[in-house]
Peer 1: 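Input: one structure, supplied below.
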Amino acid sequence: MKLACLLTFCIWCYDPTHLPIPAEKPGTMRSSLTLVGTLWAFLSLGTAVASSTSYFLPYWLFGSQLGKPVSFSTFRRCNYPVRGEGHSLIMVEECGRYASFSAIPSLAWQMCTVVTGAGCALLLLVALAAVLGCCMEGLISRMMGRCMGAAQFVGGLLISSGCALYPLGWNSPEIMQTCGNVSNQFQLGTCRLGWAYYCAGGAAAAAMLICTWLSCFAGRNPKPVMLAESIMRNTNSYAMELDHCLKP
């Protein structure tokens, strides 16, 4: 018994991290985020959902054609004309995406689709990791939180770039037919911007400014400090166990 205790003591002296750290009580769940970090996680989730929803919905631009309301996003459209009997144009009142990437009306909107989609995907990944950090200890350190904030800044910048590219496609024939044949780049004509465009831009701004700033205070202390504290916290318990073993 004494030999086993001495062996345990020697192992601890050589490398205390080899000894098991007592497990926490069942049912306890610690977060790797501070109180500010919890706010950051849920705000990140909100901005990611808002930007992704706005990206998918075809309500970026509103106009009219053949007396029917028409709306667009970057790769989707609601209500479009088709040839009917007698070669007359009739409006099909339904929403859908363009048949192919090349069918998107302009090169600017094609670039907007790719850039905005990449930004939304990046914000969703960061938001998912942030929410997981609320219920998993040690997942997000102080440095990791700042790196995730930098990723959010990039994601918001991509979405903002997509919003800036969007008006460059207003001079395409398809958009001009909807906007009274008087639209041009950065000139709407008879059309108007929709709520989804503003929502995407607002979510991007919130991700770039607010979420990036909050991420600097989101994570707890770095892991090496946490490990050292755990070792020091358990030193006394191992010393008492060794003393008990050595008593005659």
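Computed from a predicted structure; not experimentally measured.
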Peer 1: Run the side-chain hydrogen bond (donor to acceptor under 3.5 Å, both in side chains) test against Glu93 and tell me which residues pass, sequence neighbours left out.
Peer 2: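 In terms of side-chain hydrogen bond (donor to acceptor under 3.5 Å, both in side chains), with neighbours along the sequence ignored, Glu93 is linked to Lys68.
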Peer 1: Judged by atom type as modelled, is there a donor-acceptor pair below 3.5 Å linking the side chain of Asn171 to the main-chain atoms of Gln185?
Peer 2: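 No; zero donor-acceptor contacts below 3.5 Å.
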Peer 1: Please examine the side chains of Phe75 and Gln110, heavy atoms only from C-beta on, and report whether any two atoms are closer than 4.5 Å.
Peer 2: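 No, too far: nothing below the 4.5 Å cut-off.
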Peer 1: With distance as the sole test, does Ser71 use its side chain to make a donor-acceptor pair with the main-chain N or O of Pro58 at under 3.5 Å?
Peer 2: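 Here the side-chain-to-backbone pair exists.
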Peer 1: Taking the side chain as everything from C-beta on, heavy atoms only, tell me whether Val114 gets closer than 4.5 Å to Phe101.
Peer 2: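 Side-chain contact under 4.5 Å: yes.
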Peer 1: I'd like to know whether CE of Met111 has more than 12 heavy-atom contacts from other residues, nucleotides or ligands below 6.0 angstrom.
Peer 2: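 12 or below, so no.
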Peer 1: Return the minimal non-hydrogen interatomic distance between Pro105 and Glu174, and the atom names on each side.
Peer 2: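 Minimum heavy-atom separation between Pro105 and Glu174: CG-OE1, 3.6 Å.
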Peer 1: Could you report the tightest heavy-atom contact between Val115 and Ser161, atom names first, then the distance?
Peer 2: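 Taking every non-hydrogen atom into account, CG1-CB, 4.1 Å.
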Peer 1: Using modelled atom types only, decide if a donor and an acceptor are shared between the side chain of Ser183 and the backbone of Trp170 within a distance under 3.5 Å.
Peer 2: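 Answer holds: yes.
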Peer 1: Flag this pair as yes if the NZ/CZ of Arg77 is under 6.0 angstrom from the six-membered ring centre of Tyr98 and inside a 45 degree cone about the axis; otherwise no.
Peer 2: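 Output no; distance or angle outside limits.
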Peer 1: What's the spacing between Ser215 OG and Arg142 CZ if we round to 0.5 Å?
Peer 2: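 Going from OG on Ser215 over to CZ on Arg142, the span is 10.5 Å.
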Peer 1: Output the distance between atom CG (Leu209) and atom CG (Leu214), rounded to the nearest 0.5 Å.
Peer 2: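 Rounded to the nearest 0.5 Å, the CG-CG separation comes out at 11.0 Å.
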Peer 1: Does Leu57 belong to the same Ile/Leu/Val/Met/Phe/Trp/Tyr cluster as Trp60, with side-chain heavy atoms less than 4.5 Å apart forming each link?
Peer 2: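 Yes; tracing contacts between hydrophobic side chains, which count when under 4.5 Å, links both residues.
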Peer 1: How many angstroms lie between atom OH of Tyr80 and atom SG of Cys95, to the nearest 0.5 angstrom?
Peer 2: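 Interatomic distance, Tyr80 OH to Cys95 SG, rounded to 0.5 Å: 9.5 Å.
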Peer 1: Can you see which heavy atom on Ala129 is nearest to which on Met148, and at what distance?
Peer 2: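 Smallest interatomic distance, heavy atoms only, reads CB-CE, 3.6 Å.
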Peer 1: Which distance, rounded to the nearest 0.5 Å, do you find between the CD1 of Ile140 and the CG of Leu132?
Peer 2: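 Here the rounded value is 8.0 Å.
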Peer 1: Between atom CZ of Phe153 and atom CE of Met208, what is the distance when rounded to the nearest 0.5 Å?
Peer 2: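 Here the interatomic distance stands at 4.0 Å.
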Peer 1: How are the rings of Tyr166 and Trp109 set to each other: parallel, tilted or perpendicular (split at 30° and 60°)?
Peer 2: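 Rings of Tyr166 and Trp109: parallel, under 30°.
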Peer 1: Output side-chain donor-acceptor pairs under 3.5 Å for residues 33-50, partner residues at least two apart or in another chain, one line each.
Peer 2:
from	atom 1	to	atom 2	distance (Å)
Thr34	OG1	Gly37	N	3.0
Thr34	OG1	Phe217	O	2.7
Thr34	OG1	Ala218	O	3.3
Thr38	OG1	Thr34	O	3.1
Trp40	NE1	Ser44	OG	3.3
Trp40	NE1	Gln152	OE1	2.9
Trp40	NE1	Cys211	O	3.3
Ser44	OG	Trp40	O	2.7
Ser44	OG	Gln152	NE2	2.7
Thr47	OG1	Leu43	O	3.2
Thr47	OG1	Ser44	O	2.9

Peer 1: Give the minimum heavy-atom separation between Ile175 and Gly169, together with the two atoms involved.
Peer 2: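 Minimum heavy-atom separation between Ile175 and Gly169: CG1-O, 3.7 Å.
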Peer 1: Are Val126 and Met136 joined in one hydrophobic group, where the rule is that I, L, V, M, F, W and Y side chains link up if heavy atoms are under 4.5 Å apart?
Peer 2: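 Yes, it is one cluster - the side chains of Val126 and Met136 are joined through contacts under 4.5 Å.
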Peer 1: For Asn79 and Glu94, run side chain to side chain contact (heavy atoms under 4.5 Å, CB included): C-alpha distance rounded to whole Å, both residues' side-chain angles, the deciding distance at 0.1 Å, then the answer.
Peer 2: CA-CA 5 Å; Asn79 303 343; Glu94 64 179 18; 5.6 Å; no
Peer 1: Show me the donor-acceptor pairs within less than 3.5 Å that the side chains of residues 188-202 make with the rest of the protein, sequence neighbours left out.
Peer 2:
from	atom 1	to	atom 2	distance (Å)
Thr190	OG1	Cys179	O	3.1
Thr190	OG1	Gly180	N	3.3
Tyr197	OH	Cys163	O	2.8

Peer 1: Closer than 3.5 angstrom, by distance alone: can the side chain of Thr212 be matched with the main-chain N or O of Ala207 as a donor-acceptor pair?
Peer 2: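 Yes.
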Peer 1: Verify the cluster assignment for Val70 and Leu66: are they in a single hydrophobic cluster under the rule of side-chain heavy atoms below 4.5 Å apart?
Peer 2: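 Looking at the clustering, Leu66 is in the same group as Val70.
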Peer 1: Considering all heavy atoms of both residues, which atom of Ala164 and which atom of Pro167 are nearest to each other, and what is their separation?
Peer 2: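 Between these two residues, the closest heavy atoms are O-CD, 3.3 Å.
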Peer 1: How many angstroms lie between atom CD1 of Ile104 and atom OG of Ser172, to the nearest 0.5 angstrom?
Peer 2: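 Reported to 0.5 Å precision, the distance equals 11.5 Å.
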Peer 1: Flag yes if Leu123 and Leu158 sit in one hydrophobic cluster, no otherwise; membership is Ile, Leu, Val, Met, Phe, Trp, Tyr, and two members link when side-chain heavy atoms are under 4.5 Å apart.
Peer 2: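 No; tracing contacts between hydrophobic side chains, which count when under 4.5 Å, never links both residues.
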